[in-house]
*Asks:* 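The structure that follows is given in the form of structure tokens.
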Amino acid sequence: GFYEGKIQLLATENQNAIAAVSVYPNPTADRFFMNTDQQAAIRMYDISGRLVKTTTYKTSGIDVSDLNSGIYVVEITINNQKRIKRLSVK
């Protein structure tokens, strides 16, 4: 019915929002940003899979100056949808 179609439309919009998210600059030395204005939960893992940072995205960016140089996996969650990005920290 009507409500079912509306729910599907909202779910699709949320998936599109998370699918379009990118992190920049990449590589970075001190902080990175994302091209979203939605609230996002951020979890960062080092190359061995160890959780190294948990935070909420702010438009002022996410400070990574405390992390060692290397490749990190950034798990971005918006509206219960997850997206994985790789970030190089110099």
Side-chain angles (χ1 to χ4, degrees):
F2 172 74
Y3 294 108
E4 194 172 289
K6 181 99 169 147
I7 290 168
Q8 183 60 42
L9 177 65
L10 292 174
T12 303
E13 286 172 4
N14 289 343
Q15 287 170 353
N16 290 344
I18 192 77
V21 169
S22 62
V23 297
Y24 64 92
N26 194 0
T28 187
D30 55 358
R31 67 180 50 244
F32 72 89
F33 302 90
M34 298 185 331
N35 61 337
T36 184
D37 56 1
Q38 297 191 44
Q39 186 168 359
I42 304 297
R43 292 167 67 96
M44 292 185 68
Y45 300 88
D46 66 15
I47 202 76
S48 65
R50 188 172 53 96
L51 180 64
V52 294
K53 186 178 288 281
T54 303
T55 189
T56 301
Y57 180 71
K58 299 173 187 60
T59 54
S60 58
I62 295 181
D63 182 13
V64 293
S65 61
D66 57 327
L67 299 178
N68 293 327
S69 295
I71 303 292
Y72 291 86
V73 172
V74 182
E75 181 187 85
I76 304 160
T77 306
I78 300 174
N79 297 325
N80 295 319
Q81 299 284 325
K82 288 190 190 324
R83 183 87 173 165
I84 304 294
K85 293 289 184 179
R86 285 180 185 242
L87 179 70
S88 178
V89 175
K90 291 196 253 189

*Asks:* Please answer: with hydrophobic residues joined when any side-chain heavy atoms are less than 4.5 Å apart, are Ile62 and Tyr24 in the same cluster?
*Replies:*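 Yes; Tyr24 is reachable from Ile62 via cluster members.
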*Asks:* Mark yes or no for whether Lys85, through its side chain, and Val21, through its backbone, hold a donor-acceptor pair below 3.5 Å.
*Replies:*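 It does hold such a pair.
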*Asks:* To the nearest 0.5 Å, what is the distance between CD (Gln39) and CG (Asp37)?
*Replies:*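 The CD atom of Gln39 sits 11.5 Å away from the CG atom of Asp37.
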*Asks:* Calculate, to the nearest 0.5 Å, the distance between atoms CD and CD1 belonging to Gln38 and Ile78 respectively.
*Replies:*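 Separation between the atoms: 5.0 Å.
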*Asks:* Please tell me whether Val73 and Val64 are part of a single hydrophobic cluster in this structure, the criterion being side-chain heavy atoms less than 4.5 Å apart.
*Replies:*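 Looking at the clustering, Val64 is in a separate group from Val73.
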*Asks:* Under the rule for side chain to side chain donor-acceptor pair (under 3.5 Å), what residues qualify as partners of Asn35, not counting sequence neighbours?
*Replies:*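 Side chain to side chain donor-acceptor pair (under 3.5 Å) list for Asn35, sorted by chain: Ser22.
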*Asks:* Specify the closest pair of heavy atoms between Thr36 and Tyr57, including all atoms of both residues, with the distance to one decimal.
*Replies:*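 The pair with the smallest heavy-atom distance is O-CE2, 3.8 Å.
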*Asks:* Quick one: are Val89 and Tyr72 in side-chain contact, heavy atoms under 4.5 Å?
*Replies:*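 In short, these two side chains touch, coming nearer than 4.5 Å.
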*Asks:* Please, which pairs that meet salt bridge (Lys or Arg N to Asp or Glu O under 4.0 Å) have at least one residue in residues 16-36, sequence neighbours excluded?
*Replies:*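 Qualifying pairs, neighbours excluded: none.
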*Asks:* How far does CD of Glu75 sit from CE of Met44, to the nearest 0.5 angstrom?
*Replies:*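 Rounded to the nearest 0.5 Å, the CD-CE separation comes out at 11.5 Å.
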*Asks:* Under the side chain to side chain donor-acceptor pair (under 3.5 Å) test, which residues partner Arg43, sequence neighbours left out?
*Replies:*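 Arg43 satisfies side chain to side chain donor-acceptor pair (under 3.5 Å) with Tyr45 only.
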*Asks:* What's the separation between atom OG1 in Thr28 and atom NZ in Lys90, rounded to the nearest 0.5 Å?
*Replies:*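 If we round to the nearest 0.5 Å, Thr28:OG1 and Lys90:NZ are 7.5 Å apart.
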*Asks:* Are Ser60 and Phe33 packed together at the side-chain level, in the sense that at least one heavy-atom pair is separated by less than 4.5 angstrom?
*Replies:*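 Answer no - side chains too far apart.
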*Asks:* When rounded to the nearest 0.5 angstrom, what is the spacing between OG1 in Thr77 and CZ in Arg83?
*Replies:*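 Result: 12.5 Å between the selected atoms.
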*Asks:* Would Leu87 end up clustered with Leu67 when hydrophobic side chains under 4.5 Å apart are linked, directly or stepwise?
*Replies:*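 Yes, one cluster joins them.
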*Asks:* Could you check if a side-chain atom of Met34 sits within less than 4.5 angstrom of a side-chain atom of Ile76, using non-hydrogen atoms only?
*Replies:*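 SC-SC contact between Met34 and Ile76 confirmed.
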*Asks:* May I have the list of side-chain donor-acceptor pairs in residues 46-53 shorter than 3.5 Å, sequence neighbours left out?
*Replies:*
{"from": "Asp46", "atom 1": "OD1", "to": "Ser48", "atom 2": "N", "distance (Å)": "3.1"}
{"from": "Asp46", "atom 1": "OD1", "to": "Ser48", "atom 2": "OG", "distance (Å)": "2.8"}
{"from": "Asp46", "atom 1": "OD1", "to": "Gly49", "atom 2": "N", "distance (Å)": "3.2"}
{"from": "Asp46", "atom 1": "OD1", "to": "Arg50", "atom 2": "N", "distance (Å)": "2.9"}
{"from": "Asp46", "atom 1": "OD2", "to": "Arg50", "atom 2": "NE", "distance (Å)": "3.2"}
{"from": "Asp46", "atom 1": "OD2", "to": "Arg50", "atom 2": "NH2", "distance (Å)": "3.1"}
{"from": "Lys53", "atom 1": "NZ", "to": "Asp63", "atom 2": "O", "distance (Å)": "3.1"}
{"from": "Lys53", "atom 1": "NZ", "to": "Asp66", "atom 2": "OD1", "distance (Å)": "3.3"}
{"from": "Lys53", "atom 1": "NZ", "to": "Asp66", "atom 2": "OD2", "distance (Å)": "3.3"}

